[in-house]
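Read the structure below first, then the notes.
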Amino acid sequence: MKPVILALLLFSGATDLVHAQAVPGVPGKSDIKPDPRVAELEMALNHLSQEQQTVYQQFQMIQELRRNEIQDSQPLTVQGYLTMGGVKDAPPTNYDDNIRLQRERTERIQQYTRDLNQLYARYSELGNQKRALLDQLTELAQQAQADR
């Protein structure tokens with residue numbers, strides 16, 4: 001969470017520098033046209049931020065599904081009174097069905113884990129791409145400041 005906040009702070013600071021580059025008609029500000037590279041970088045950065053947010057939301061949903069699946073995977077072999085809704089002398093549950101259900105649950109948990117790992121890797125990759133864009137934006141803003 002801290003890297004996300006840091007990236008947002010960096011982004012807001014970098015765009016402030018970029019927007020301070022040219023404000024026509026305002027005394028004390030130059031009338032230099034903004035660099036088109038800055039606009040492209042900002043658009044790319046916004047796109048990456050939106051994609052990263054989407055990945056994060058998917059991660060949270062799958063994480064919750066996995067958590068619920070793990071909580072629900074308590075032993076299924078409890079038989080009799082409790083499993084049949086309070087009916088005494090209920091027939092025992094089928095062993096093969098219990099084993100099949102446990103395997104299916106285990107497979108779902110493993111798939112959720114794989115999905116989470118993939119989403120985490122994608123989120124990190126997007127974060128690295130955003131950092132590179134922020135560095136480029138900062139460099140352009142510094143160049144614009146130096147050119148004045």
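Heavy atoms only: backbone and side chains are in, while hydrogens, waters and symmetry mates are out. Everything numeric in this text was worked out from a predicted model, so none of it was measured.
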Report the distance from atom NE2 of H47 to atom CG of L133, rounding to the nearest 0.5 Å. 11.0 Å
Please report the closest heavy-atom contact between L116 and Q63, naming both atoms and the distance. CD2-N, 3.6 Å
Report the residues that fulfil side chain to side chain donor-acceptor pair (under 3.5 Å) with S124, sequence neighbours left out, ordered by chain and then residue number. none
Tell me every residue that passes side chain to side chain donor-acceptor pair (under 3.5 Å) with Q60, counting only those two or more places apart in sequence or in another chain. Y56
All pairs passing salt bridge (charged side-chain N to carboxylate O under 4.0 Å, His left out) where residues 46-57 contributes a residue, at least two apart: E51-R122
Does a side-chain heavy-atom distance below 4.5 Å link N46 with M43? no
Step by step, work out the side chain to side chain donor-acceptor pair (under 3.5 Å) result for D115 and Q111. CA-CA 6 Å; D115 292 345; Q111 182 61 46; 2.8 Å; yes
Any chain of hydrophobic side-chain contacts (each under 4.5 Å) joining Y112 to Y120? yes
For E107, give me all partners under salt bridge (charged side-chain N to carboxylate O under 4.0 Å, His left out), at least two apart in sequence or on another chain. none
Output for pair (L137 CG, R37 CZ), nearest 0.5 Å, gives 10.5 Å
What distance separates L119 CG from T54 OG1, expressed to the nearest 0.5 Å? 11.0 Å
Residues clustering with I99 (ILVMFWY side chains joined when closer than 4.5 Å, directly or via others): Y95
Does the pair E69/R66 count as a salt bridge with the N-to-O cut at 4.0 Å? no
Mind checking what makes side chain to side chain donor-acceptor pair (under 3.5 Å) contact with D135, not counting sequence neighbours? none
What distance do L140 atom CG and L41 atom CG have between them, rounded to the nearest 0.5 Å? 6.0 Å
Once rounded to the nearest 0.5 Å, what's the spacing between atom OG1 of T138 and atom CD of Q143? 11.0 Å
Donor + acceptor pair across side chains of N98, Q102 (<3.5 Å): no
Check: N117/R114 side-chain N/O donor and acceptor closer than 3.5 Å: no
Step by step, work out the salt bridge (charged side-chain N to carboxylate O under 4.0 Å, His left out) result for E64 and R67. CA-CA 5 Å; E64 191 62 30; R67 185 177 296 128; 2.7 Å; yes
Sub-3.5 Å donor-acceptor pair from the side chain of Q52 to the main-chain atoms of L126, do we have one? no
Please report the interatomic distance CD1(I70) to CZ(R105), rounded to the nearest 0.5 Å. 11.5 Å
